[in-house]
There are 2 protein chains.
Amino acid sequence: MAVRGSYAKGVARREEILESALDVIGRKGYQNASLKEIAEVVGVTPAALLHYFGSKEELFTAVLRKRDEHDGLDPAFLDAEGARDGFLEVIRHNTQVPGLVALFSRLAVDAADPAHPAHDYFLERSERLRSSIAESFTNDDQRPALDPDTLARIIQAASDGLQLQWMIDPTVDMPGIMAALIDTLAPSPARGD
Amino acid sequence: MAVRGSYAKGVARREEILESALDVIGRKGYQNASLKEIAEVVGVTPAALLHYFGSKEELFTAVLRKRDEHDGLDPAFLDAEGARDGFLEVIRHNTQVPGLVALFSRLAVDAADPAHPAHDYFLERSERLRSSIAESFTNDDQRPALDPDTLARIIQAASDGLQLQWMIDPTVDMPGIMAALIDTLAPSPARGD
DNA sequence: GTCTATACAGGGATAGAC
DNA sequence: GTCTATCCCTGTATAGAC
């Protein structure tokens with residue numbers, strides 16, 4: 001209820017703004033992605049953007065949230081076999097959306113400030129992702145060199161750090177390096193190495 | 001030659017600005033470290049800062065460069081025995097200078113733009129650090145699971161990624177996790193594990 | 001609810017006086 | 001070498017039109 005009628009336009013506008021924001025970031029880089037520029041793409045004034053999202057930072061946080069919904073990261077991490085390939089597939093996909101990667105990394109830094117709107121987002125997402133990794137990549141048939149939580153932190157850290165390297169030098173083979181790391185730290189029983 | 005005389009004051013001012021910039025970043029965070037604020041600490045106007053460094057970004061890049069000189073990272077990585085502890089010591093030290101870590105991470109993201117003044121800095125520093133890691137942490141007495149360059153990239157990525165996690169949640173044990181990673185991927189012959 | 005118009009404070013950067 | 005003055009652009013708050 002109340003989804004149709006007077007709200008319909010607003011919902012559509014929200015989506016439009018989110019997509020335009022990502023578009024501008026992809027084309028002009030994060031730093032030059034001003035509210036003015038995004039608003040022009042949508043065909044409205046900057047104030048209209050702030051009507052839907054309270055601030056620029058909240059807008060960008062919403063872009064990240066939407067990506068998570070859309071990607072639905074978690075399903076890929078259900079079992080150990082699919083986990084490795086699912087994880088690598090996400091990383092491979094990131095290669096196709098540099099704007100999103102730039103946005104993610106930039107906000108991850110800014111969100112260090114507890115007052116930043118994305119602070120809780122990163123805290124929660126980070127923990128959710130880690131327990132998902134810990135659950136999927138824990139192998140019990142060998143003496144584990146690393147406890148699950150440490151393993152998860154390392155994989156997450158390596159993934160984020162590789163994105164930084166890749167942004168500065170796009171020739172960096174993110175999927176290949178992550179595959180090597182995972183296969184070394186948490187070799188799949190099925191692959192027998 | 002030409003270091004004394006009319007240049008002397010300028011050199012001193014440069015150092016003073018660099019230190020003040022770091023001071024303000026440490027106290028107020030990167031985002032709130034405006035040229036105005038830094039200039040006030042030094043006792044000059046923002047325009048004076050721009051006289052020495054061409055732009056805000058160049059100023060902050062210079063801060064990072066100075067840190068590298070001062071730290072002199074490389075000496076610690078001369079041999080395999082000292083490498084591990086030297087590396088961990090740097091990470092432990094970073095825990096004491098959150099402002100510097102924030103600055104480094106922020107610039108690492110912004111420098112993705114090839115036009116950013118810190119772009120080349122990160123490209124060069126990154127490569128130098130990696131070859132240093134590759135040289136130090138390569139163990140020949142066991143079948144190497146990872147080639148030296150991949151190993152170096154992973155250690156560097158994990159280190160940078162952990163800083164991201166640590167900034168958002170300062171309870172993260174960076175040195176402990178990095179130690180676990182290094183001991184797993186490149187166990188020291190002396191320690192025999 | 002959706003949005004424009006307007007105004008404002010703050011930022012970095014530039015030109016030119018001293 | 002340093003300052004003042006100025007400029008333009010940023011994000012944001014408010015008022016009110018539709």
Side-chain angles (χ1 to χ4, degrees), chain A residues 1-21 24-25 27-63 103 106-107 109-111 113 115-118, chain B residues 2-18 20-21 24-25 27-63 102-103 106-107 110-111 113 115-118:
Chain A
M1 55 303 220
V3 180
R4 70 175 65 213
S6 56
Y7 284 143
K9 188 180 182 183
V11 172
R13 263 276 190 266
R14 257 188 86 99
E15 294 302 305
E16 200 182 356
I17 292 168
L18 257 19
E19 279 167 28
S20 299
V24 173
I25 291 172
R27 285 187 295 105
K28 317 260 297 196
Y30 180 97
Q31 356 238 9
N32 303 344
S34 64
L35 289 181
K36 181 167 176 282
E37 185 116 18
I38 298 167
E40 277 170 6
V41 172
V42 180
V44 295
T45 61
L49 270 48
L50 297 179
H51 167 73
Y52 290 100
F53 310 90
S55 69
K56 186 191 183 183
E57 290 171 336
E58 283 177 282
L59 196 175
F60 286 135
T61 305
V63 174
L103 174 63
R106 177 48 136 70
L107 247 52
V109 173
D110 292 354
D113 180 356
H116 194 286
Chain B
V3 180
R4 68 177 65 216
S6 55
Y7 284 141
K9 189 179 179 184
V11 172
R13 264 272 192 267
R14 258 186 86 98
E15 293 302 303
E16 200 182 354
I17 292 168
L18 257 20
S20 298
V24 173
I25 291 171
R27 286 187 294 106
K28 317 261 296 196
Y30 179 97
Q31 357 237 8
N32 303 345
S34 64
L35 289 181
K36 181 166 176 280
E37 185 118 16
I38 298 168
E40 279 171 5
V41 173
V42 180
V44 294
T45 61
L49 269 48
L50 267 2
H51 168 71
Y52 289 99
F53 309 89
S55 69
K56 187 191 183 184
E57 291 171 335
E58 283 177 280
L59 197 175
F60 286 135
T61 305
V63 173
L103 174 63
R106 176 49 135 70
L107 246 52
D110 292 354
D113 180 356
H116 193 286

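Chain naming here is simple, since letters A, B, ... match the order of the sequence lines and numbering starts at 1 in each. Just so it is clear, the model here is predicted, and its values are computed rather than measured.
Rounded to whole angstrom, the span from the CD atom of A/E57 across to the P atom of D/dT10 amounts to 16 Å. We find that CZ of A/R13 is positioned 9 Å from C1' of C/dC3, with the value rounded to whole Å. Between the CD atom of B/E37 and the P atom of C/dG11 there is a distance of 8 Å, rounded to whole Å. Separating the CD1 atom of A/I17 from the P atom of C/dT2 is a distance of 10 Å, rounded to the nearest angstrom. At whole-Å resolution of the value, NZ in B/K56 and P in C/dG11 are 9 Å apart. Between A/K28 atom NZ and D/dC9 atom C1' the separation is 13 Å, expressed in whole Å. Put simply, CG on B/L50 is 16 Å from P on D/dG1, counting in whole angstrom units. When the P atom of D/dT12 is taken as reference, atom CG of A/L59 falls 10 Å away, rounded to whole Å.
If you check C/dA5, D/dC3, C/dT2 against the side chain of B/T45, the one that comes closest is D/dC3. Ranking C/dG11, D/dG1, D/dA13 by closeness to the B/H51 side chain, first place goes to D/dG1. When the nucleotides C/dC3, D/dT12, C/dG1 are ranked by their closest atom to the side chain of A/P46, D/dT12 comes out on top.
Smallest separation of non-hydrogen atoms from A/F53 and A/A62: CE2-CB, 3.7 Å. The minimum heavy-atom distance between B/L35 and B/L49, with the atom names listed, is O-CD2, 3.6 Å.
Within 4.0 Å (heavy atoms only), B/L35 reaches sugar-phosphate atoms of the nucleic acid but no base atom. The residue B/A48 sits close only to the backbone: its heavy atoms come under 4.0 Å of sugar-phosphate atoms, none of a base. As judged by a 4.0 angstrom heavy-atom cut-off over every strand, A/S34 is placed among residues touching the sugar-phosphate backbone only.
For the 3.5 Å distance criterion, the side chains of A/E58 and A/S55 qualify, holding a donor opposite an acceptor.
When side chains are defined from C-beta on, B/Y30 counts as touching B/L107, because their heavy atoms get closer than 4.5 Å.
Summary of the strand contacts: A/K36 and A/A47 both lie near DNA chain D, and taking for each the nucleotide with the nearest heavy atom, the more 5' one is attributed to A/K36.
Listed by chain and residue number, nothing satisfies the side-chain hydrogen bond (donor to acceptor under 3.5 Å, both in side chains) test with B/Q31 (two or more places apart in sequence, or in another chain).
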